[in-house]
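Encoded as structure tokens, the structure appears first; notes follow it.
What's counted below: heavy atoms across the whole structure, side chains too, no hydrogens, waters or symmetry copies.
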Amino acid sequence: MNSKKTLFILAGGLGSRYKGLKQVDGILDNGSPILEYSIYDALEAGFSKVVIIVNQLIPQSYIERLNAISEAKDFELHWVYQDMNSIPIQDFDYSERQKPWGTGHAVLCAKEVVQEPFVMINADDFYGKEAYQLASKEIELHHISNLQLGMAAYPVSTTLSGNGTVARGICTLDSENFLMNVEEQTSIQRVNGSVIYTENGVSVEIAPDTLVSMNFFIFHPSIFTSLEDYFYDFIASKPTIAQEFYIPSAVQRMIDEKRAKVMVKASPSQWMGVTYADDKKNIKDFLTSEIQKNRYPEDLWN
């Protein structure tokens, strides 16, 4: 019996470093942005429903494009808008705030439309076919429950940019490959063949196969209960205008409070992302070679 599986795409960010709405920016001449490759891979791995979190700036033309694709390819598609008022907040003045509350809030905005296990990804990251196959299998084997979540993590050396430093969450695992904690390092880069980051002015070298979180989580719908509790705690702490409620810190709190364990699997796929505008050429070359290897059709949907 195939379990119903949802692909949950965070596409609400504005991509300040990249300048523009990279979530809907076509990579090749076929006009498909990265998120369509993710949908294609997920459908191939047995997912049948897609939920996309967006903000009000998403072009209507893009919504129409994907609606037409979902009709032609027969998968369920939901658009969920993340805005300041998506979740009612009492007695808290946030009139000064310019943008919503971060990725944890984004996931919470969709709690009415997701009742099944789901994979959460970033819209502008390419995770590779095998990551979705791995996630699909974990869901099929009922390894994902209210007590156990999952994550596909990537060796840090495969996630760097030649165009500047990157921020990555370095994973510490226990002896059974359950996540203990994720430590965000914001200045990771390759220097003379070594992977290093800088902390308090000191360069720290890390092993190239160190696993990092790229926001590829396999969640059970019961996570919405914890997210709601934590979100209201976050609001009660009277956050500053810039503070955000992030998924990784919510997951960390679930681990610390023993609400759930997170099984970490090393992804066999190549991760590709667009942190800087110049990274686009690399992903373009990569996808072109994937098409030449017949791993994707030239035009994804025809």
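A 4.5 Å side-chain heavy-atom check between I188 and T165 finds every atom pair outside the cut-off. For the pair F234 and Q243, the minimum side-chain heavy-atom distance is below 4.5 Å. The side-chain heavy atoms of L66 and V50, taken from C-beta on, include no pair separated by under 4.5 Å. Between F47 and V119 the shortest side-chain heavy-atom distance falls below 4.5 Å. R65 has its side chain within reach of S32: a pair of non-hydrogen atoms, C-beta onward, lies under 4.5 Å apart. Considering only heavy atoms from C-beta on, I52 stays 4.5 Å or farther from H78 through its side chain. Considering only heavy atoms from C-beta on, L160 stays 4.5 Å or farther from Q189 through its side chain. Using a 4.5 Å cut-off on side-chain heavy atoms (C-beta onward), I139 and S136 make no contact.
Residues Y246 and L179 are members of separate hydrophobic clusters, defined by side-chain heavy-atom contacts under 4.5 angstrom among Ile, Leu, Val, Met, Phe, Trp and Tyr. Tracing side-chain contacts under 4.5 Å through hydrophobic residues (I, L, V, M, F, W, Y), one never reaches L134 starting from F219; they form parts of separate clusters. In the hydrophobic clustering of this structure, V156 groups with V204; members are Ile, Leu, Val, Met, Phe, Trp, Tyr whose side-chain heavy atoms approach within less than 4.5 Å, directly or through other members. Clustering ILVMFWY residues whenever any of their side-chain heavy atoms sit less than 4.5 angstrom apart, transitively, puts I121 in the very cluster that holds F286. Hydrophobic clustering of Ile, Leu, Val, Met, Phe, Trp and Tyr side chains at less than 4.5 Å, counting indirect connections, keeps L147 apart from F118.
The line from CG of L10 to CD1 of I247 is 7.5 Å long, rounded to the nearest 0.5 Å. Distance check: Q270 CD to I283 CD1 gives 9.5 Å after rounding to the nearest 0.5 Å. The distance from the CG atom of D124 to the NZ atom of K280 is 12.5 Å, given to the nearest 0.5 Å. Atom CZ of F224 is separated from atom CG of L108 by 7.5 Å, given to the nearest 0.5 angstrom. The structure places CZ of F75 at 5.5 Å from CG of L43, a figure rounded to the nearest 0.5 Å. For the atom pair OG of S38 and CG of L7, the computed distance is 6.5 Å after rounding to the nearest 0.5 Å.
Below 30°, between 30° and 60°, or above 60°: for Y37 and Y296 the angle between ring planes is above 60°, a perpendicular geometry. Classified by interplanar angle (parallel below 30°, tilted 30° to 60°, perpendicular above 60°), the ring pair Y127/Y132 is perpendicular.
A salt bridge links E76 to K4: at least one charged side-chain nitrogen sits closer than 4.0 Å to a carboxylate oxygen. Salt bridge K137/E140: absent, no basic N to carboxylate O contact under 4.0 Å.
Although no hydrogens or angles enter the test, the distance criterion places a donor-acceptor pair under 3.5 Å between the side chain of N55 and the main chain of L57. Side-chain atoms of Q133 never come within 3.5 Å of backbone atoms of A45 as a donor-acceptor pair (strictly under, hydrogens ignored). Distance alone, capped at 3.5 Å, is enough to place a donor-acceptor pair between the Q115 side chain and the E112 backbone. Counting only distance, with no hydrogens or angles, the side chain of T198 and the backbone of G201 share no donor-acceptor pair below 3.5 Å. Side-chain atoms of N30 come within 3.5 Å of backbone atoms of E298 as a donor-acceptor pair (strictly under, hydrogens ignored). A donor-acceptor pair is defined here as one N or O able to donate and one able to accept, closer than 3.5 Å; no such pair exists between the side chain of T6 and the backbone of F8. With S267 contributing its side chain and A153 its backbone, the two residues share no donor-acceptor pair below 3.5 Å. Counting only distance, with no hydrogens or angles, the side chain of D278 and the backbone of N163 share no donor-acceptor pair below 3.5 Å. No side-chain donor-acceptor contact under 3.5 Å links K129 to the backbone of S269. A donor-acceptor distance shorter than 3.5 angstrom exists from the side chain of T288 to the backbone of K284, with no hydrogens or angles considered.
Minimum heavy-atom separation, G150 to I144: N-CD1, 3.7 Å. Nearest heavy-atom pair, D125 versus G273, reported as atom, atom and distance to 0.1 Å: OD1-CA, 4.2 Å. S161 approaches D279 most closely through the heavy-atom pair OG-OD1, 2.9 Å. Between L211 and A266 the shortest heavy-atom distance is CD2-CB, 4.0 Å.
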Side-chain donor-acceptor pairs under 3.5 Å in residues 250-263, sequence neighbours left out?
residue, atom, partner, partner atom, Å
Q252, OE1, V182, N, 3.1
Q252, NE2, M180, O, 2.9
Q252, NE2, D256, OD1, 3.2
R253, NE, E257, OE2, 2.7
R253, NH1, D233, OD2, 3.0
R253, NH2, D233, OD2, 2.8
R253, NH2, E257, OE2, 3.4
E257, OE1, Y230, OH, 2.8
E257, OE1, R259, NE, 3.3
R259, NE, Y230, OH, 3.4
R259, NH1, S226, OG, 2.8
R259, NH1, D229, OD2, 3.3
R259, NH2, D229, OD2, 3.3

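For the residue pair Q185/E183, the side-chain donor-acceptor check at 3.5 Å is satisfied. For H105 and Q82, the side-chain atoms include at least one donor-acceptor pair closer than 3.5 Å. A donor atom on one side chain and an acceptor atom on the other are found under 3.5 Å apart for W79 and N67. Side-chain contact check for T159 and R168: at least one donor-acceptor pair (N or O, by modelled atom type) lies under 3.5 Å.
The environment of D29 atom CG is sparse: at most 12 non-hydrogen atoms of other residues, nucleotides or ligands sit within 6.0 angstrom. Within a 6.0 Å radius of CD in E71, no more than 12 heavy atoms belonging to other residues, nucleotides or ligands are found.
In terms of the side chain to side chain donor-acceptor pair (under 3.5 Å) criterion, residue partners of N181 (sequence neighbours excluded) are, by chain and number, T172. Looking at residues two or more places apart in sequence or on another chain, you find a salt bridge (charged side-chain N to carboxylate O under 4.0 Å, His left out) between E130 and R295. K49 pairs by the side chain to side chain donor-acceptor pair (under 3.5 Å) definition with E116, not counting sequence neighbours.
Through direct or indirect side-chain contacts shorter than 4.5 Å among Ile, Leu, Val, Met, Phe, Trp and Tyr, I196 is connected to V191.
The aromatic ring centres of Y154 and F216 sit 6.0 Å or more apart.
For residues 158-197, no residue pair satisfies the ring-ring contact (aromatic ring centres under 6.0 Å, His included) rule, not counting sequence neighbours.
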(request) Take I235 and W101 through the side-chain contact (heavy atoms from CB on, under 4.5 Å) test and state the conclusion after the steps. (result) CA-CA 10 Å; I235 294 298; W101 308 101; 4.1 Å; yes
(request) Apply side-chain contact (heavy atoms from CB on, under 4.5 Å) to the pair M151 and C171, showing each step before the final yes or no. (result) CA-CA 11 Å; M151 176 207 279; C171 300; 4.1 Å; yes
